Structures are given as C-alpha cells and as structure tokens.
Amino acid sequence: CALVVDSLLTEYQKTITTDQGRKDYAAFAADLGIFRNKRDSLLALVAANDRIGTYAYLTSDVREAEEKLIVSMRAMQE
C-alpha cells in the first residue's frame with residue numbers, strides 16, 4: 001500500500017508548479033514520514049501485546065502526528 005501511495009505522491013509532485021505548492025508538499029511529505037514512523041512504533045506495541053502502552057501511544061503521539069498530517073494535507077488542497 002505504501003508503495004502505491006508513494007508512487008502517486010511522486011506523480012503528484014511532478015504537477016506542482018508554484019513555490020508555495022512545493023513548500024506545502026515538502027511539509028506534507030515530512031509529516032507523512034513522521035506519521036509512518038509513529039504508526040510503525042504503534043504496531044510494535046500491538047505486536048508486543050502492550051495494551052496500556054498501545055492506548056497511551058495511540059492517544060498521544062500517533063494522534064498528534066495524524067492531526068499534523070491532516071493540517072499539512074489540507075494546506076496542499078488550498
């Protein structure tokens with residue numbers, strides 16, 4: 001799935017024609033990378049069957065990364 005998303009993002013990046021668009025895309029790409037890292041850490045907690053740690057991490061770190069990703073995604077749409 002990530003390969004498909006990355007491929008689509010590469011194609012989208014080729015269509016950006018403004019400096020602001022490139023800046024917004026760079027912020028989105030950085031936020032996506034952070035989100036993916038947080039997601040992978042979350043999956044490790046799930047695999048370790050750490051329910052309390054999973055919930056705590058999900059409701060703090062992952063949620064924060066997700067919210068930041070959504071903001072940067074919306075900025076690209078404007």
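Numbers here simply count residues along the sequence, with the first being 1. Please read these numbers as outputs of a predicted model, since none were measured by experiment. The analysis underlying the following values was restricted to heavy atoms, covering all of them including side chains, and did not include hydrogens, waters or symmetry mates.
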Considering non-hydrogen atoms only, spot the tightest contact between [X] and [Y] and give its length.
X	Y	value
Val62	Phe35	CG1-CE1, 4.2 Å
Ala65	Ile34	CB-CG2, 4.3 Å
Phe28	Leu9	CE2-CD2, 3.7 Å
Asp24	Ala75	OD2-O, 3.4 Å

Same cluster or not: are Ile16 and Met73 linked, directly or through other Ile, Leu, Val, Met, Phe, Trp or Tyr residues, by side-chain heavy atoms under 4.5 angstrom apart?
-> yes

Do Val71 and Tyr12 sit in the same hydrophobic cluster, where Ile, Leu, Val, Met, Phe, Trp and Tyr count as joined when their side-chain heavy atoms come under 4.5 Å apart?
-> no

Result of checking Val46, Asp50, Leu42 against Tyr57 for side chain to side chain contact (heavy atoms under 4.5 Å, CB included) | Leu42

Does atom [atom1] of [X] have more than 12 heavy-atom neighbours, drawn from other residues, nucleotides or ligands, at distances under 6.0 Å?
X	atom1	result
Arg22	CZ	yes
Ile52	CD1	no
Gln20	CD	yes

Electrostatic pair Arg36-Asp6, nearest N-O below 4.0 angstrom | yes

Any salt bridge between Arg63 and Glu66, counting N to O under 4.0 Å?
-> no

Measuring from [X]:[atom1] to [Y]:[atom2], what's the distance to the nearest 0.5 Å?
X	Y	atom1	atom2	answer
Leu45	Thr54	CG	OG1	4.5 Å
Asn37	Leu32	CG	CG	9.5 Å
Ser60	Lys38	OG	NZ	8.0 Å

